[in-house]
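Just so we're on the same page: letters track the sequence lines, and every chain starts at 1.
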Protein chains: 2
Amino acid sequence: MTDQQEQRQNRRIDPANCSMGRALSVVGERWSLLIVREALDGASRFGDFRARLGIASNLLSTRLDSLVAAGVLQRVPYREPGDRERFEYRLTEKGTDLRPTVIALLEWGDKYLADEQGPSVVVRHHSPEGSGCDEPVALVLQCAAGHTDLPPASVYRSPGPGARFLPA
Amino acid sequence: MTDQQEQRQNRRIDPANCSMGRALSVVGERWSLLIVREALDGASRFGDFRARLGIASNLLSTRLDSLVAAGVLQRVPYREPGDRERFEYRLTEKGTDLRPTVIALLEWGDKYLADEQGPSVVVRHHSPEGSGCDEPVALVLQCAAGHTDLPPASVYRSPGPGARFLPA
DNA sequence: CTCCTGGATTTACTATCTCAACTCAGGTGG
DNA sequence: CCACCTGAGTTGAGATAGTAAATCCAGGAG
């Protein structure tokens with residue numbers, strides 16, 4: 001029996017009982033991750049997002065609301081001098097924790113979909129004003145024993161504490 | 001002038017000229033990444049995906065086609081004994097390279113959206129049959145100088161070779 | 001007062017997704 | 001030879017999500 005045949009017959013984790021599916025229900029459509037990307041890059045106001053993304057204002061409105069509802073963004077009042085109170089949308093910790101996801105997509109896009117000139121964006125270590133190394137940053141898969149550079153085949157999904165299985 | 005104000009006025013990279021946007025045009029809707037997730041976990045046949053994901057067959061059909069067109073999956077004929085020729089969908093390298101994206105979403109979901117019992121899926125190092133460490137695997141942001149555990153604020157986007165800027 | 005501006009909401013339209021039913025090619029059993 | 005089963009789709013009606021454009025609305029500015 002081949003691996004695949006075996007896998008097909010084994011008790012399988014219910015795919016709906018997967019954090020990735022839930023994650024996608026929050027950020028799994030056209031705009032959410034792009035909004036998060038811009039927020040990670042400093043955008044916070046309605047107009048910032050609108051200008052940077054070219055998103056329709058009604059959609060931006062509903063997406064911002066749903067990201068606030070999901071706890072990814074926080075609605076914070078502000079007031080520019082000589083202007084009325086307005087709101088801006090700041091990333092929560094839950095929001096900034098999407099950075100690896102954004103970077104993973106960015107890296108994949110850079111590898112397979114970039115212009116001939118190369119990637120348009122490079123993520124670097126150390127803040128713009130800071131001193132520091134300024135080296136490019138990458139995501140690395142690493143196991144708890146410290147092994148790194150894991151080839152795809154050496155990584156597998158196993159049931160965790162919250163696993164539910166499919167009926168045989 | 002605050003950082004944010006400065007950022008708003010500086011020359012900005014055209015957000016459409018970003019690999020992440022392009023990546024999202026390939027895998028940025030409800031099902032593609034779930035299909036890739038199942039494929040990474042061994043699914044390859046129409047019925048595998050259908051049973052595991054509960055996706056409507058027409059959508060699965062079009063999604064598989066578009067993933068093949070995008071080069072994420074490859075359509076390979078096979079024939080079970082006593083059966084006619086059929087096709088299965090195998091990940092290409094471009095497809096398996098989505099693993100970090102899948103894992104990033106999984107980790108985020110585990111942190112914020114898991115059941116009380118904990119995550120349902122743990123990604124581990126070393127294949128099921130193999131000897132080896134069997135330790136859980138995580139994504140780590142690491143810069144080329146070897147710095148790791150980079151706090152969100154110490155990472156920034158800078159223009160790469162293919163950058164296009166927005167008109168001031 | 002009236003106009004202007006940023007931040008939305010409304011409306012009308014289109015595209016995409018869901019669910020259910022149907023097709024179609026080949027294999028099997030009678 | 002023929003009815004029928006199975007896996008892999010296709011078709012079509014209705015719901016959901018996205019797009020573009022117009023409108024609203026609460027302050028300030030003139």
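Of all the residues in residues 70-79 of chain A, A:Arg75, A:Tyr78 reach under 4.0 Å from DNA chain C with at least one non-hydrogen atom.
Using modelled atom types, one side-chain atom of A:Arg124 and one backbone atom of A:Asp134 make a donor-acceptor pair closer than 3.5 Å.
OP1 or OP2 of C:dT18 sits under 4.0 Å from a side-chain N or O of B:Trp31. Listed pair A:Ser61 / C:dA8 fails the phosphate criterion, with no side-chain N or O lying under 4.0 Å from OP1 or OP2.
The CG atom of B:Leu59 sits 14 Å away from the P atom of D:dG9 (whole-angstrom rounding). Remark: C1' of C:dA15 and CZ of A:Arg30 are 12 Å apart, rounded to the nearest angstrom. With rounding to whole Å, A:Leu53 atom CG is found 17 Å from D:dA20 atom C1'.
In terms of heavy atoms, A:Ser32 sits closest to A:Val27 at CB-CA, 3.8 Å.
Each of A:Ala56 and A:Arg84 was matched to the nucleotide of DNA chain D holding its nearest heavy atom; the match closer to the 5' end belongs to A:Ala56. Mapping A:Arg86 and A:Arg63 onto DNA chain D via the closest heavy atom, the residue that lands nearer the 5' end is A:Arg63. Each of B:Asp83 and A:Thr62 was matched to the nucleotide of DNA chain C holding its nearest heavy atom; the match closer to the 5' end belongs to A:Thr62.
Look at A:Arg79 and A:Glu85 and you find no salt bridge, because none of the NZ, NE, NH1 or NH2 atoms lies under 4.0 Å from a carboxylate O.
Summarising the geometry, atom CZ belonging to B:Arg157 is positioned 7.0 Å from atom CG belonging to A:Leu106; distances are rounded to the nearest 0.5 Å. For the atom pair CG (A:Asp65) and CZ (A:Arg75), the distance works out to 7.0 Å, reported to the nearest 0.5 Å.
For B:Arg22 and A:Tyr112, the positive end is not near the middle of the six-membered ring at less than 6.0 Å and at most 45° from its axis. Stacking of B:Arg45 on the aromatic ring of B:Tyr78 is recorded, both the 6.0 Å distance cut-off and the 45° axial limit being met.
Nucleic acid contact for A:Glu29: sugar-phosphate only, since backbone atoms but no base atoms lie under 4.0 Å from a heavy atom of the residue. Among the atoms of the strands shown, only primed sugar atoms or phosphate atoms (P, OP1, OP2) are found under 4.0 Å from some heavy atom of A:Tyr89. At a threshold of 4.0 angstrom between heavy atoms, the contacts of B:Arg50 with the nucleic acid are absent.
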